[in-house]
Amino acid sequence: MQDSPLGQTGLHVSRIALGAGPIPELMTGDDPGRQQAVLKRARDQGINWIDTAASYGQGRSEQSLGRSLQAIDSVEAFHLATKVRLMPEELASRSIRSIVRASVTSSLRRLGVERVTLLQLHNSVTGGREDLPTSVTPEDVLNPQGILAAMQEIQAD
């Protein structure tokens with residue numbers, strides 16, 4: 001398996017990632033044996049990069065990954081990428097910082113890890129929050145109390 005550097009982190013990730021999204025229903029389904037077999041096969045083929053999100057199966061993807069990685073004793077064999085999606089009803093009632101922190105805390109708990117390699121924003125960024133169903137604005141991302149600042153704070157932690 002070929003790998004590539006992940007930015008300037010010094011980490012190398014496989015050029016092929018295992019997608020744990022809801023479309024194939026592998027990690028959002030109810031077949032732990034199959035989930036573990038796929039992770040073992042990926043690991044044995046040199047894949048060390050898994051992409052998931054808190055919203056995939058309403059957290060089921062992260063739960064299945066966490067449980068399966070523990071079962072096959074391979075938590076450290078993979079780099080995990082997950083995502084934060086800020087929902088309009090949350091933005092109307094809570095601070096961006098608290099939404100991002102709660103999402104990451106829940107993801108780490110479901111995954112059974114203390115950290116992830118990559119945390120991504122799962123919202124569209126548009127001119128207005130109402131432009132798309134879950135869009136946020138550049139100001140939501142970049143202002144001093146915004147998403148970027150919240151993610152940098154988590155990274156520092």
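The first residue of the sequence shown is numbered 1, and numbering continues consecutively from there.
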*So how far is it from Gln35 CD to Ser64 OG, rounded to the nearest 0.5 Å?*
4.0 Å
*Can you find a heavy atom in the side chain of Glu114 that is under 4.5 Å from one in the side chain of Leu108?*
no
_In the structure I gave you, are the side-chain heavy atoms of Lys83 and Asp51 within less than 4.5 Å of one another anywhere?_
yes
*asked:* I'd like to check Met27 versus Leu39 (side-chain heavy atoms, cut-off strictly below 4.5 Å). Are they in contact?
replied: yes
*Tell me the salt bridge (charged side-chain N to carboxylate O under 4.0 Å, His left out) pairs involving residues 4-30, sequence neighbours left out?*
Asp30-Arg60
*For Met87, check side-chain contact (heavy atoms from CB on, under 4.5 Å) against everything at least two apart and list the hits.*
Arg85, Glu89, Glu90, Thr134
*More than 12 heavy atoms from other groups under 6.0 Å of CD on Gln120*: yes
*Can you hop from Leu132 to Val141 via hydrophobic side chains spaced under 4.5 Å?*
no
*asked:* Restricting to side-chain contact (heavy atoms from CB on, under 4.5 Å), what partner residues turn up for His12, sequence neighbours left out?
replied: Asp3, Pro5
*Which heavy atom of Thr137 sits nearest a heavy atom of Gly127, and at what distance?*
CG2-O, 3.7 Å
_Working to the nearest 0.5 angstrom, can you tell me the gap between Gln145 CD and Arg97 CZ?_
8.5 Å
*Nearest non-hydrogen partners of Gly128 and Ser135, listed with the distance*: O-OG, 3.1 Å
_Side chains of Leu11 and Trp49 in contact at under 4.5 Å (non-hydrogen atoms)_ = no
*Minimum heavy-atom distance between Val84 and Asn123, given as atom pair plus value*: O-OD1, 3.7 Å
_pair Ile96-Asp140: side-chain heavy atoms closer than 4.5 Å_ = yes
*asked:* With clusters defined by side-chain heavy atoms of hydrophobic residues (ILVMFWY) lying less than 4.5 Å apart, directly or transitively, does Val113 cluster with Tyr56?
replied: no
*Can you see which heavy atom on Ser61 is nearest to which on Thr52, and at what distance?*
OG-OG1, 2.7 Å
*How far apart are the closest heavy atoms of Pro133 and Pro88, and which atoms are they?*
O-CG, 3.3 Å
*Could you tell me which non-hydrogen atom of Ala20 sits nearest to which non-hydrogen atom of Leu65, and how far apart they are?*
CB-CD1, 3.8 Å
*Distance from Arg43 atom CZ to Ile50 atom CD1, nearest 0.5 Å?*
10.5 Å
*Mind checking the CG-CD1 spacing from Asn48 to Ile16? Nearest 0.5 Å is all I need.*
11.5 Å
*asked:* The test is side chain to side chain contact (heavy atoms under 4.5 Å, CB included); show your working for Val75 and Leu111 and say whether it passes.
replied: CA-CA 9 Å; Val75 173; Leu111 288 164; over 6 Å; no
*Do the non-hydrogen side-chain atoms of His79 and Leu6 ever get within less than 4.5 Å of each other?*
no
*Answer yes or no: are there more than 12 heavy-atom neighbours, outside Arg41 itself, under 6.0 Å from its atom CZ?*
no
*Counting only heavy atoms not in Asp157, do more than 12 sit closer than 6.0 Å to its CG atom?*
yes
*asked:* So Thr105 and Arg109, do their side chains get closer than 4.5 Å, heavy atoms only?
replied: no
*Is the closest side-chain heavy-atom distance between Val13 and Leu118 below 4.5 Å?*
no
*At what distance, to the nearest 0.5 angstrom, does CG of Leu119 lie from CD of Gln155?*
9.5 Å
_Using 0.5 Å steps for rounding, measure from the CZ atom of Phe78 to the OG1 atom of Thr117._
11.5 Å
*Identify which one of Ser106, Ser55, Ser107 satisfies the side chain to side chain donor-acceptor pair (under 3.5 Å) criterion when paired with Glu62.*
Ser107
